[in-house]
Structures are given as C-alpha cells and as structure tokens.
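Order of the sequence lines sets the chain letters (A, B, ...), proteins ahead of strands, with each chain counted from 1. Atoms considered below: every heavy atom in the structure, side chains included; atoms not considered: hydrogens, waters and symmetry mates. Because the structure is a prediction, the values reported are computed rather than measured.
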Number of protein chains: 2
Amino acid sequence: MPALEKVRYRPVPVRDLFLEMKNLSELMIDLAYSAALFNDRELAEDILELENRVDTLDYLLEMTIMIAARDAHDAEALAGVSAVASAADKISDAAADIAAIVTQNIGVHPIVSQVFEKVEERLMQAKVSADSSLVGKRVGELDLAARMGVDIIALRRDKDWIINPQKTEHIRSGDVLIVRGVHSGIKEFKELAEQKSRRRGD
Amino acid sequence: MPALEKVRYRPVPVRDLFLEMKNLSELMIDLAYSAALFNDRELAEDILELENRVDTLDYLLEMTIMIAARDAHDAEALAGVSAVASAADKISDAAADIAAIVTQNIGVHPIVSQVFEKVEERLMQAKVSADSSLVGKRVGELDLAARMGVDIIALRRDKDWIINPQKTEHIRSGDVLIVRGVHSGIKEFKELAEQKSRRRGD
C-alpha cells in the first residue's frame with residue numbers, strides 16, 4: 001500500500017467526484033467477488049488501491065460540499081449528496097474487506113466459491129501484451145459484445161483507472177483490461193490480449 | 001418498521017444463508033438507487049425491511065458457523081465465509097442509508113439524479129392488478145427479455161421476497177414485481193402489470 005498523502009482541497013465538480021465514487025464502488029464489488037473466487041492476488045491489491053482512491057474522492061467531495069453550502073437551504077439540499085457518497089464509501093470498504101481475504105491468505109471456503117460461481121457472467125483481467133492484435137485498436141472497433149459476448153468494463157493504465165472506457169479509447173500495450181462476459185468469451189479474449197507473436201510453423 | 005424479534009438459531013444450510021445474503025445485498029443497491037432517483041417511498045421502505053432481513057440472515061449465519069467449527073482448522077476455513085457475509089451486511093447497510101434519504105424526506109439533489117440517470121438500465125416496481133393479463137402466467141412464458149428488453153429481478157409476495165424468480169414461477173394478482181430494463185420496455189411492462197380491465201369501446 002502506498003504511503004498515505006494528505007488529501008488537499010482542489011476544485012473538482014461535485015458531479016464528477018460523485019459519479020466516479022458511484023461507478024468505482026459498484027465496480028469494486030464485482031472485482032472483489034472475482035478476486036475471491038479466483039484467489040487473484042493482483043486483482044485484490046488493485047481493489048485495496050481503489051479503496052484508497054474512493055476515500056480520497058469522499059474527502060474531496062465533503063470539502064467541496066462544505067464550501068458550496070452557504071446557508072441552511074444549501075446545506076439541506078446537499079445533505080443527500082453527502083449521504084449517498086458515504087454509502088458509496090461503505091460499499092467500497094466492503095469490497096476491500098472481501099479483497100483482504102485474498103491478500104491476507106485467509107482462503108476462500110468452497111461455500112463462497114460455489115455461491116460466487118452462480119453468477120452467470122464473470123470478470124477477468126488481462127494485460128495487453130506488446131504483440132497483441134488489440135494494441136492500437138479503439139474499443140468500439142473490436143465489437144466485443146457481438147463477437148464474443150464480452151465487455152470491457154474498466155481499464156487500468158499505469159496508476160490510472162478508466163471506468164467504462166469510451167468506444168474511441170485506444171488500447172495500448174501494457175493496459176490491464178477488466179472484462180465481463182460469458183466464460184467462453186472471456187477466455188477467448190484473454191488469449192487475444194495476452195497473445196505472443198507467433199512465427200510461421202509454430 | 002416491525003418490532004424486532006429475537007433471532008433464534010434454526011438449522012439452515014450455510015450455503016443457502018450466504019447465497020441469499022449476497023443476492024439481497026446486490027439487489028438492494030440497485031433498488032436503493034432507484035428509490036432515491038424516483039423518490040419512491042414504498043420502494044425505500046421495502047429496502048429498510050430487506051436490511052432487517054439481511055441482519056437476521058447474518059446472525060443465523062454466524063451462529064451456524066460457530067456450531068459448525070469444531071477445531072482451529074474448521075475455524076480458519078470458515079473465517080472467510082464470515083468475512084464475506086459481513087461485507088454483504090455492510091453493503092445492505094449502505095443501501096439502507098440511501099433509502100433513508102427518501103424515508104426521511106432529505107430529498108435528492110439534482111446532482112444525485114443526474115448521476116443515477118446515467119445508468120442505462122432502470123429499475124421499476126409494478127404491482128400486478130387482478131385484471132392484468134400477467135396473472136396466472138409463468139415468468140418464462142412471458143419471454144420479457146426478447147419482447148420488451150426487460151427482466152424480472154425480484155418479486156415480493158406479501159412479506160416474502162423471491163429473488164431472481166424461476167421461469168416456472170406463476171405470477172399472482174397482488175405480486176409486486178421489480179423489473180430491470182430499458183426505459184421504453186419497463187414503461188410498457190408497468191402498463192401491462194397494472195392494467196385495468198377495459199370495456200369494448202374504451
């Protein structure tokens with residue numbers, strides 16, 4: 001875990017902070033179940049990082065709301081935003097609790113796996129190799145939903161997360177893609193993302 | 001809110017308790033966003049009831065785990081189940097916090113609505129009227145996904161909740177259906193569920 005830095009106020013629209021908190025908290029629950037099911041340490045560590053990010057967003061949001069509220073009327077109007085943001089933070093904490101089972105090697109009981117496996121659609125992460133045919137392609141161009149029944153729900157590029165990447169987003173070598181879809185589709189996609197260059201005759 | 005009763009141990013398989021907790025907690029988040037977005041008091045009250053139910057399930061689960069664990073090995077194996085169940089409980093608490101915005105008339109700031117509206121698919125609840133053509137039909141028979149792009153994700157019958165009802169489940173008059181789908185589809189479905197008998201010439 002990185003050293004915690006003091007969160008300093010900077011002006012960011014409340015809407016943007018709030019939207020990112022909501023999207024992240026929902027994504028994190030899905031990721032946490034996947035991390036536990038597949039005992040995926042890397043994914044679990046990503047979740048703990050995202051949890052820090054949601055904490056930071058929550059601080060920024062609370063500070064922004066304080067500055068925005070000038071009278072009792074504003075305060076009443078904004079109390080609901082603060083309440084929903086706290087709920088998103090609580091959800092992300094819960095996701096981190098699930099991820100901690102993996103990072104602390106507590107181990108996932110077969111009961112947990114059985115229940116998580118009931119989910120028809122699965123999540124998977126794949127790191128795009130330099131030789132992958134995905135490199136340089138736009139997300140929309142891949143037509144993944146129609147071709148293999150999968151959907152890129154998030155993309156990690158170095159330390160940045162892009163949630164629900166736009167169709168125009170270009171995929172780069174080294175991107176970590178979080179994909180949701182049917183079992184056969186995500187397997188096919190992982191091979192495509194992680195493919196090595198093949199010589200003729202291989 | 002109903003008076004709280006003492007939760008007494010009764011033997012229920014851990015897997016069943018755990019599966020219901022996970023499903024309910026996920027459903028509750030979706031329901032909570034819908035309740036806040038549409039300022040739907042009835043739905044918000046349902047969520048507070050479901051939160052009580054998840055609390056009860058969590059108690060039962062913890063008691064069952066205690067009884068099941070006979071030695072250190074069992075305890076280690078079951079610690080993960082307890083951790084995930086606590087996370088599901090935390091998620092359901094967060095959903096109840098969001099629902100409380102509606103029941104306590106805190107009001108939903110336009111920012112919250114804007115962000116929740118971003119969600120492409122919406123939830124809606126519809127009470128099946130005695131005259132509805134849905135009465136007596138099986139869920140599978142309706143072929144809702146193909147016909148109008150909607151899906152029945154839960155069904156409340158008196159005090160019971162049926163999550164992800166089976167295709168063979170018969171719809172009864174008075175059932176409250178929670179439906180997820182595209183805007184046009186859920187509107188069409190609501191009319192179908194709540195339709196009054198029409199006389200010729202109306």
### Message
Can you tell me if A:Lys187 has over 12 outside heavy atoms packed within less than 6.0 Å of its NZ?
### Response
no
### Task
Count the heavy atoms of every other residue, nucleotide or ligand shown that sit under 6.0 Å from CZ of B:Arg156, and state whether that count exceeds 12.
yes
### Task
Not counting sequence neighbours, list each pair that qualifies as a salt bridge (charged side-chain N to carboxylate O under 4.0 Å, His left out) and has a residue in residues 100-109 of chain A.
none
### Message
Check this for me: A:Arg41, atom CZ, are more than 12 non-hydrogen atoms of other residues, nucleotides or ligands nearer than 6.0 Å?
### Response
yes
### Query
Do other residues, nucleotides or ligands put more than 12 heavy atoms under 6.0 Å from the CZ atom of B:Arg157?
yes
### Task
Decide yes or no for B:His109 and A:Phe18: does some side-chain heavy atom of the first lie under 4.5 Å from some side-chain heavy atom of the second?
no
### Message
Is it the case that over 12 heavy atoms from other parts of the model lie below 6.0 angstrom from the CG atom of A:Asp143?
### Response
yes
### Task
Return yes when atom CD of B:Glu141 has more than 12 non-hydrogen atoms of other residues, nucleotides or ligands closer than 6.0 Å, and no otherwise.
yes
### Query
Say you draw a straight line from CD1 of B:Ile29 to CD1 of A:Ile29; how long is it, rounded to the nearest 0.5 Å?
7.5 Å
#### Entry: For A:Asn23, all residues meeting side-chain hydrogen bond (donor to acceptor under 3.5 Å, both in side chains), sequence neighbours excluded
none
### Message
Tell me whether A:Lys127 at atom NZ has more than 12 heavy atoms from other residues, nucleotides or ligands lying less than 6.0 Å away.
### Response
no
### Query
Could you name the residues of residues 86-104 of chain B that have a heavy atom within less than 4.5 Å of a heavy atom in chain A?
B:Ala87, B:Lys90, B:Ile91, B:Asp93, B:Ala94, B:Asp97, B:Ile98, B:Ile101
### Inter-chain contacts: residues 72-81 of chain B against chain A, heavy atoms under 4.5 Å
B:Glu76, B:Ala77, B:Leu78, B:Ala79, B:Gly80, B:Val81
